[in-house]
Amino acid sequence: MFSNFIYFIVALLIYSTHQPPEKAAFAFPETVFLFIGLCGIFIFLTRFQFQKLERQISTASFSTLDHKFNTLVTRQSVMAIVLFAIDIYGLNVSSFTADIPVFTIMPTLQAVLFIGLFVAYMSIVWAGAHGSYQKLYLNTITRRSYILSNISFSIPVLLPWLFLSGIADLINLLPFTFPKQFLATPTGEAIYFLFFLFAVALLGPALIQKFWGCTPLEAGVIRHRIENLCRQTGLEYNNILYWPIFGGKMITAGVMGLIKRFRYILVTHGLLQLLEPEEIDAVIAHEIGHVKQKHLLFYLFFFVGYMLISYGTFDLLVFAIIYAEPVYRFIHDFGFDQASTTATLFSIVIILNFVIYFRYIFGYFMRNFERQADTYVYTVIGNAQALISTLEKIGLTSGQPPDKPNWHHFSISERIAYLKKCETDRTWIRRHNRKIKKSIAVYLTAVLLMGGLGYHLNFGSVGKKLNNHFFEKIIQREIQKTPHNPNLYRMLGDLYYGRQNYDMTIRAYEHALRLQSDNPEVLNNLAWLYATCEDPAYRNPQKALILAQKAAALSTAAHILDTLAESYYVNRKYAEAVQTAAKALELARTNQSYYEDQLKKFLEAERKSRGF
């Protein structure tokens, strides 16, 4: 189930890192046809694969079938991610909804719509898997409950993003400029993110338990025993709740919440029915161990650590991937649009960074925290016999192999073996605690180093010099190999423009135009320099207008029309500037507030020119 968390966050990253092109790859009818066709193929293949597995249940061994079932669920879940990525990056389906007024005002609502599409894809997988799940594990859960349980367990992982993005949209709707300007700065973004991360971590459990439909555990012997254990260990909590996940038939328990007011202990009906009172005590002692060993707080810091590590490694990874010679050759030889390909590679880097971090680094700590919580039963109860018998029962009841590997838990066999080792020699408990302390120390050191590296790469003078030098060397190397490639000179001009080296910028752009006189991007960039350069010595309104008109004749992209409008403006042709800016705003898919501000500027200039 925990794998679903990764699937959902990857889907969110696919959507949120996508930069929609100015023009969709296919017309609307073609997009609808391809969308429906791909969905149909996915549904057919998913049903076919699981039906094929169902036919093998009566003949193959359980361990083989269990492996095949889990492999198939994983494979089809990955296919759901691939299909979603094709929808977003290949079909650009989001471009057809971007102009809907409510989505323009609240982009988070559009994101929710497309995350809903991914939920639908995953529901197809779960619907197909239900029959095999029922027959293989002898479970009577209905298809509806099976699908809804998977959804309800997975969706809360998106709550931080939902609050973060939704409230940011609301702030942008306010008539005040300071909050918008503050959020537009790196410092503002970091403070805003951290504030809401901690706010959701504190308040989220209250919302999640409502979302899951949890109900209080009734008064009685079991509740009394749990309350006594919590009292004995000094654990404060809000309530003890039934956890109705998968109809309450799963044999599991949990704890969530950093503070007493929003801390909940969760148990399922299946767990209470299967275990003896002493075994339930051992399970609750395990959950208390998570709180007492500060695991929940560490999980929060691991999310912050992910942001710092991403911050530190992102530029290096992007440079390594985008400017690797095979990648550049691939883009050039097959004629792919460089901007779109670059954006796609950016997204791939972000997703890979996330998967590697949570699958391996976060997974390492999850496994070892679970082991530490296992050994905490010695602090509460004095021995682990009840927990060992509990794990043995879970292994027998679930029907899954006890040595089945797991990225977030050690296998049942490994957990039992370690507890038995601790039974004979308690020094293994201290050894594991020391291992975790050392691991956390190494992790924190790495995070601080990565955070410092990220700061210097993004804001330090060394990082800027390194980036510029790196880019220039790569481009110059490629120019030596393909001296007649105008795109390389355009990239070189962009680099010099960023350095404010306007002489070299003009030379690079003019060289690109000598190689390809009808390149709209180069015409546009040179026109923008002549129209807006901060050094008045390089401004040339007449040249800017000529170049911008040529670019607009070749391409009607919003940013090109914006340059034409700016060129009209600096030539005091305000009516033409207003007309062109209005068309640019109409075509703009992203950054519409910029185009609105541009149009206001031109309207104000026209109004003043008429003497109003």
Side-chain angles (χ1 to χ4, degrees), residues 2 5-6 8-10 12-13 156-165 186-208 235-237 254-264 286-314 350-376 407-410 432-455 458:
F2 285 97
F5 288 168
I6 292 181
F8 272 72
I9 296 178
V10 167
L12 179 60
L13 289 173
V157 76
L158 301 179
L159 279 179
W161 160 79
L162 182 61
F163 283 106
L164 199 71
S165 180
T187 302
E189 285 184 348
I191 292 173
Y192 177 72
F193 170 79
L194 291 174
F195 173 79
F196 273 96
L197 180 64
F198 280 93
V200 170
L202 292 175
L203 307 178
L207 299 175
I208 292 171
L235 179 72
E236 296 179 311
Y237 57 91
V255 62
M256 60 180 181
L258 294 175
I259 59 176
K260 171 190 173 182
R261 187 173 180 182
F262 301 108
R263 180 178 293 136
Y264 301 92
H286 170 97
E287 301 303 334
I288 291 172
H290 281 305
V291 178
K292 290 297 181 177
Q293 299 288 4
K294 305 291 189 296
H295 296 163
L296 304 184
L297 187 60
F298 279 123
Y299 288 147
L300 178 62
F301 282 115
F302 286 142
F303 278 95
V304 177
Y306 166 69
M307 300 304 296
L308 288 174
I309 289 176
S310 299
Y311 184 61
T313 60
F314 180 74
I350 292 172
I351 292 167
L352 286 176
N353 204 23
F354 169 83
V355 171
I356 290 170
Y357 178 86
F358 281 94
R359 173 63 178 81
Y360 295 101
I361 299 175
F362 190 65
Y364 168 82
F365 281 102
M366 283 190 76
R367 291 192 302 275
N368 284 281
F369 283 171
E370 289 296 329
R371 175 165 287 174
Q372 192 175 39
D374 281 349
T375 61
Y376 195 77
W407 69 270
H408 50 82
H409 281 68
F410 286 108
H432 188 68
N433 291 339
R434 284 198 300 269
K435 174 186 175 182
I436 288 179
K437 287 179 181 178
K438 290 178 182 178
S439 298
I440 290 174
V442 171
Y443 171 81
L444 290 176
T445 302
V447 166
L448 291 174
L449 289 174
M450 288 296 181
L453 175 64
Y455 179 83
N458 286 276

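In what follows, residues are counted from 1 in the order of the sequence shown.
Judged as a ring-ring contact (aromatic ring centres under 6.0 Å, His included), and not counting sequence neighbours, the contacts of Phe362 are Tyr299, Phe302, Phe358. With sequence neighbours left out, the ring-ring contact (aromatic ring centres under 6.0 Å, His included) criterion links Tyr364 to no other residue. With sequence neighbours excluded, the residues that form a ring-ring contact (aromatic ring centres under 6.0 Å, His included) with His286 are His290.
In this structure, the separation between CG on Asn433 and NZ on Lys438 is 12.0 Å, given to the nearest 0.5 Å. Atom CG in Leu158 sits 9.5 Å away from atom CZ in Phe5 (nearest 0.5 Å). Interatomic distance, OG of Ser439 versus NE2 of His432, reported as 8.5 Å (0.5 Å rounding). The CG atom of Leu297 sits 12.0 Å away from atom CD1 of Ile259, with the distance rounded to the nearest 0.5 Å. One finds the CG atom of Leu164 at 12.0 Å from the CG atom of Leu159 (value rounded to the nearest 0.5 Å). Between the CZ atom in Phe262 and the CG atom in Leu203 there is a gap of 5.0 Å [rounded to 0.5 Å].
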Please tabulate, for side-chain N and O atoms in residues 441-449, each donor-acceptor pair with protein atoms closer than 3.5 Å (sequence neighbours left out).
residue	atom	partner	partner atom	Å
Tyr443	OH	Tyr357	OH	2.5
Thr445	OG1	Ala441	O	2.8

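For residues 353-370, there are no salt bridge (charged side-chain N to carboxylate O under 4.0 Å, His left out) pairs, not counting sequence neighbours. Applying the salt bridge (charged side-chain N to carboxylate O under 4.0 Å, His left out) definition to pairs two or more places apart or across chains, none involves residues 286-304.
The heavy-atom pair separating Leu258 from Leu300 by the smallest distance is CD1-CD2, 4.0 Å. Taking both residues in full, the closest heavy atoms of Phe365 and Ile440 are given as CE2-CG1, 3.7 Å, listed atom of the first, atom of the second, then distance. Taking every heavy atom of both residues into account, Ile436 and Asn368 meet most closely at CD1-O, 3.4 Å.
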Decide yes or no on side-chain contact (heavy atoms from CB on, under 4.5 Å) for Phe8 and Leu12, but give the supporting numbers first.
CA-CA 6 Å; Phe8 272 72; Leu12 179 60; over 6 Å; no

Quick one: do Val255 and Ile288 satisfy side-chain contact (heavy atoms from CB on, under 4.5 Å)? Show the steps, please.
CA-CA 8 Å; Val255 62; Ile288 291 172; over 6 Å; no

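Counting only heavy atoms from C-beta outward, the side chains of Met366 and His295 never approach each other to under 4.5 Å. Proximity of Val10 to Ile6: side-chain heavy atoms (C-beta onward) are separated by under 4.5 Å at one or more points. In this structure the side chain of Met256 never reaches within 4.5 angstrom of the side chain of Leu296, judged on heavy atoms.
With Ser165 contributing its side chain and Leu162 its backbone, the two residues share no donor-acceptor pair below 3.5 Å. At least one donor-acceptor pair closer than 3.5 Å links the side chain of Arg263 to the backbone N or O of Gly257. Between the Arg371 side chain and the Phe410 main chain, no donor and acceptor come within less than 3.5 Å of each other.
Remark: aromatic rings of Tyr306 and Phe354 are close, center separation under 6.0 Å.
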